[in-house]
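One structure is given below, encoded as structure tokens.
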Amino acid sequence: MAPMNRPLLNRRLAEFGTTIFAEMSALAARTGAINLGQGFPDTDGPEEIREAAVRALREGHGNQYPPGPGVPELREAVADHQLKRYGLAHDPDAEVLVTAGATEAIAAALLALVEPGDEVIALEPYYDSYAACIAMAGGTRVPVTLRPSEGRYVLDLDELRAAVTDRTRLILLNTPHNPTGTVLTRDELTAVAELATERDLLVVTDEVYEHLVFDDAEHIPIATLPGMRDRTVTIGSAGKTFSFTGWKVGWVTASPELTAAVRSAKQFLTYVASGPFQYAIAEALRLPDTYFEGLRADLRAKRDLLSDGLARAGFEVYRPAGTYFVTTDIRPLGESDGFAFCRGLPERAGVVAIPNAVFYDHRDAGAPFVRFAFCKRTDVLEEAVARLRTLAA
Ligand SMILES: *Cc1c(COP(=O)(O)O)cnc(C)c1O
């Protein structure tokens, strides 16, 4: 029997409990509600890429441990992608590392770069694994809150500057940003870059939604800004870009020194993962531009379908410039507690959403906001919108 004289879960992780997604997905299953909580597509990615994975399996590519840094085909495809899209040149051998999804890249970067006691600045509301990974690394998280202003969530540059102390080690960025759907502007990124250079900070940037930007929004990797290439760890993933979230293929691009540091932690996490899928994603990254344009157009239409429906149902809607998610304010519906609202929504309207407060340390700042995912089939979104109409009645 395990020793029971103290809590089994260690102090670093005790505060995290189980994720809200488990609770809300169970609620969806129990009530038959449409699940717009968790952000995964309900349609698989390109058939030719699925076939590429099957071919890799059959031909015996990647069925045994692939090389630690990732298969050369994928590392070259990632390097070519960064060069073609952003003009960022990376040596596929020394400056690209394949990971088990962006999730492992985030964990490995923080475990490698953060010393116990170091402070890590992260944009709040944040993706749920950030807080846990900072804690596992022994770091202290310092949230800087994104706040709505004129229809968009903005980064308060004074607040960011004030958050930096002598113990700050790195800034953890996420753009396009989950859950707010904001895409950081060149001005915002320039300010972050200037601060990082001035205070000699590292930047870890989660760019898994790099291809999911709408209208005239532009995704700008902070590594492209002056002075940033060699102090930035850029994280990408195939999950969202190619609608294969179960394959868990992610990557890091960074200077040789930073890549080596992240690899030091990564080798003792999964060591390697997703062998055959790595070959398939190497092909996916070379799909013609029409694929990426088609993906964007499809998601943009879905964003509009759900955003318009939510507005008609009475929500205040922050129409996102990127990602899978639309954040709403429930106060126009006479509500103020997103948790209570989301727990009641399946019974009231047959839809599941996520209270943004779970992504905040300052829970009050997030209380009235609720997130809906639109990476679902059009008929599913139409049905959700029809159901949500009952809220307006
Ligand atoms: C989905 C998501 C991830 C996880 O990516 P995987 O490649 O599936 O591990 C990381 N960051 C953000 C912001 C996400 O939304």
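Because only heavy atoms are used, hydrogens play no part in the values below, and waters and symmetry mates are left out as well, while side chains stay in. In what follows, residues are counted from 1 in the order of the sequence shown. In listed order, ligands and their atoms are each counted from 1.
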### Summary
The answer for which part of Asn178 has a heavy atom under 4.0 Å from ligand 1 is side chain

### Query
Aromatic rings Phe325 and Tyr209: how do their planes relate, parallel, tilted or perpendicular, breaks at 30° and 60°?
perpendicular

### Task
Please say whether Val208 places an N or O atom under 3.5 Å from an N or O atom belonging to ligand 1.
no

### Task
Can you sort out which atoms of ligand 1 are near Lys248, meaning under 4.0 Å from one of its heavy atoms?
6 (P), 8 (O), 9 (O)

### Message
Pairs of nitrogen or oxygen atoms closer than 3.5 Å, one from Thr245 and one from ligand 1: do any exist?
### Response
no

### Summary
If you scan protein heavy atoms around atom 15 (O) of ligand 1, the nearest is Tyr209 OH, 2.7 Å

### Task
Verify the distance criterion only: is there a donor paired with an acceptor across the side chains of Thr165 and Glu119 at less than 3.5 Å?
yes

### Message
Taking the six-membered ring of Phe40 as reference, does the cationic atom of Lys376 (NZ for Lys, CZ for Arg) lie under 6.0 Å from its centre and within 45° of its axis?
### Response
yes

#### Entry: Heavy-atom nearest neighbour in the protein, as seen from atom 13 (C) of ligand 1, with distance rounded to 0.1 Å
Asp206 OD2, 3.3 Å

### Query
Could an N or O of ligand 1 be found under 3.5 Å from any N or O of Asn174, whether backbone or side chain?
no

### Task
Verify the neighbour count for atom CZ of Arg12: are there more than 12 heavy atoms of other residues, nucleotides or ligands below 6.0 Å?
no

### Query
Counting from 1, what ligand 1 atoms have a heavy atom of Ala102 closer than 4.0 Å?
5 (O), 6 (P), 7 (O), 9 (O), 10 (C)

### Task
May I ask you to decide whether Asp80 forms a salt bridge with Arg85, counting only side-chain N to carboxylate O separations under 4.0 Å?
no

### Query
Is Arg141 paired with Glu15 through a side-chain N to carboxylate O contact shorter than 4.0 Å?
yes

### Task
Mind telling me whether Phe315 and Phe341 have parallel, tilted or perpendicular rings, with 30° and 60° as the class edges?
perpendicular

### Task
Please determine, by modelled atom types, if Asn178 and Tyr126 share a side-chain donor-acceptor pair under 3.5 angstrom.
no

### Query
Which atoms of ligand 1 sit under 4.0 Å from any heavy atom of Ser237?
6 (P), 7 (O)

### Task
Look at atom 14 (C) of ligand 1 and say which protein heavy atom is nearest, naming residue and atom and giving the distance to 0.1 Å.
Lys240 NZ, 3.2 Å

### Message
Considering both backbone and side-chain atoms of Tyr127, is one of its nitrogen or oxygen atoms within less than 3.5 Å of a nitrogen or oxygen in ligand 1?
### Response
no

